[in-house]
Amino acid sequence: MKKDLVFVITVTLAVIILAIIDTGFENPQLTQNTIYEKAEILKTDNSALQEISVVVVGNQKVKIKLLSGKFKGQEFDAENILNGQKNIDKIFKTGDKVLAVVTLDNNGNVIGVRAAEFYRTGIELFLAILFVAALIGFAGVTGLKAVLSFMFTALSFWKILLPLYLKGISPIPAGIILSFVTSTVVILLVAGVNKKGFSALSGASLGIAFTALLSLVSAQWFKIPGTVQDYSEALIYSGFNLNLSQIFIASIFISASGALMDVSTDIAAAIDEIHRRMPQLPGKELVISGFKIARPVIGSMTTTLLFAYSSGFLFEIGRASCRERV
């Protein structure tokens with residue numbers, strides 16, 4: 001218990017440090033004349049919109065009322081520009097709550113307002129609080145540790161991995177090291193700093209290493225360019241020296257590390273419980289039980305990953321099917 005408490009305190013301090021440090025790529029000048037506020041649509045004018053085939057283009061004029069910030073209560077005429085891209089375009093209606101982008105001059109006066117997106121912060125915050133409350137309510141202290149591990153992982157990607165990519169550090173070694181670090185923190189937080197935790201960590205580490213090696217080899221065989229990812233073209237012109245192919249490879253084993261942590265922790269927890277209930281069982285029997293438990297766990301996890309990854313490609317599959325029919 002003492003080791004667990006020390007580790008929890010250490011990770012908590014790491015989370016606080018990661019939360020307050022800068023990445024080195026902040027540029028306040030880019031946002032000093034732009035603020036984001038909650039607003040409500042009071043009136044819309046769709047006369048300038050034009051429907052072309054299945055998309056809508058043009059400029060939707062709206063009157064909005066700011067609901068937050070120093071300009072709260074003021075009304076402005078704003079624009080909602082539609083470019084014919086259904087994945088980013090939206091058409092507002094009277095009464096909608098939106099995120100307004102307010103542009104200021106050097107004196108702090110409003111020179112332009114744009115309705116950017118539906119305002120979802122409220123419901124997102126509610127769902128996040130509900131999730132954390134349900135997790136802690138069911139899992140107790142372990143649930144609280146899981147929330148802490150989530151915060152550490154998210155901040156590590158944001159404050160460490162992405163800045164390393166932008167600085168030109170090779171994505172694959174950086175991704176492998178961070179995967180090992182985050183896996184260590186998550187597993188030892190959830191499973192504990194004990195034999196169960198280290199057993200799960202050893203299994204996950206071997207899995208991450210194998211997945212990384214397999215990703216490297218298969219990427220060479222398939223000759224997959226990094227530009228297959230969304231917004232890759234924008235990154236090319238961002239001015240940073242980014243190796244998108246290596247970033248794509250790193251993303252494969254980073255995403256797989258989550259499943260590896262899950263499986264290894266499940267099996268280690270099951271074997272630990274068997275050992276607690278039946279301490280007279282020899283180590284050989286525990287190993288055999290571990291393999292028997294692992295088979296259905298890995299089988300179900302394979303299907304879980306199939307659902308998780310294939311769902312993101314449903315539209316791509318549909319587009320390919322339509323193209324074949326045409």
Side-chain angles (χ1 to χ4, degrees), residues 127-128 130-154 157 175-176 178-192 194-219 222 248-278 281 283-318:
L127 291 176
L130 180 63
F131 170 74
V132 172
L135 183 61
I136 296 176
F138 177 76
V141 177
T142 302
L144 187 61
K145 291 179 181 178
V147 174
L148 182 62
S149 67
F150 177 85
M151 295 172 61
F152 176 83
T153 303
F157 288 150
I176 292 175
L178 194 67
S179 295
F180 280 120
V181 172
T182 53
S183 298
T184 301
V185 171
V186 172
I187 291 176
L188 295 185
L189 271 178
V190 175
N194 47 42
K195 290 182 179 180
K196 178 177 64 175
F198 286 112
S199 176
L201 178 60
S202 62
S205 299
L206 289 174
I208 293 172
F210 178 76
T211 305
L213 178 62
L214 186 61
S215 300
L216 285 170
V217 175
S218 60
F222 288 107
F248 177 74
I249 296 172
S251 67
I252 295 175
F253 58 78
I254 289 175
S255 60
S257 63
L260 293 168
M261 286 188 292
D262 184 15
V263 171
S264 61
T265 304
D266 289 346
I267 298 172
I271 296 302
D272 180 69
E273 184 64 19
I274 293 175
H275 179 64
R276 289 176 181 274
R277 296 288 183 178
M278 304 179 67
L281 282 178
K284 180 180 178 181
E285 293 297 326
L286 290 175
V287 172
I288 295 174
S289 297
F291 277 101
K292 290 183 178 180
I293 293 171
R295 293 187 185 104
V297 170
I298 293 177
S300 62
M301 177 56 69
T302 301
T303 307
T304 300
L305 293 175
L306 176 64
F307 277 101
Y309 285 106
S310 62
S311 63
F313 290 93
L314 287 179
F315 287 100
E316 294 293 333
I317 296 172

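On a predicted model such as this, the values are computed, not experimentally measured, just so you know.
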* To do: Please tell me if the side chains of Phe198 and Ile187 come closer than 4.5 Å, counting only heavy atoms from C-beta onward.
  => no
* Asked: Quick check: are there more than 12 heavy atoms from other residues, nucleotides or ligands sitting under 6.0 Å from CZ of Phe210?
  -> no
* Structure fact -> CG of Asp272 to OG1 of Thr265, rounded to nearest 0.5 Å, is 12.0 Å
* Asked: Between Ile271 and Leu286, which heavy-atom pair has the shortest distance, and what is it?
  -> CD1-O, 3.5 Å
* Ser289 side, atom OG; Glu285 side, atom CD - distance, nearest 0.5 Å -> 6.5 Å
* Thr211 OG1 to Leu206 CG distance, which is reported to the nearest 0.5 Å -> 10.5 Å
* Asked: Around atom CZ of Phe180, are there more than 12 heavy atoms of other residues, nucleotides or ligands at under 6.0 Å?
  -> yes
* If every non-hydrogen atom of Ser183 is compared with every non-hydrogen atom of Ser257, which pair is closest and at what distance? -> OG-CB, 4.3 Å
* So, for Leu260 and Ile208, which heavy atoms are closest and what is the spacing to 0.1 Å? -> CD1-N, 3.4 Å
* To do: Compare every heavy atom of Gly143 with every heavy atom of Ile136, then report the nearest pair and how far apart it is.
  => CG1-C, 4.2 Å
* Closest contact, heavy atoms only, Lys196 versus Ala269 -> CD-CA, 3.7 Å
* Structure fact -> Value for CD1 (Ile293) from CD1 (Ile288), rounded to nearest 0.5 Å, stands at 12.0 Å
* To do: Determine the minimum heavy-atom distance between Val186 and Met261, stating which atoms define it.
  => CB-SD, 3.8 Å
* Indicate yes or no for a side-chain donor-acceptor contact from Ser251 to the backbone of Phe248 under 3.5 Å, with no hydrogens or angles considered. => yes
* Asked: How about Phe152 and Leu189: do any of their side-chain heavy atoms sit closer than 4.5 Å?
  -> no
* Asked: Any sub-3.5 Å donor-acceptor pair from Ser300's side-chain atoms to Val297's backbone N or O?
  -> yes
* Nearest-0.5 Å distance, CG of residue Leu130 to CG of residue Leu135 -> 11.0 Å
* To do: Look up atom OG1 in Thr153 and atom CD1 in Ile254, then write down how far apart they are to the nearest 0.5 Å.
  => 11.5 Å
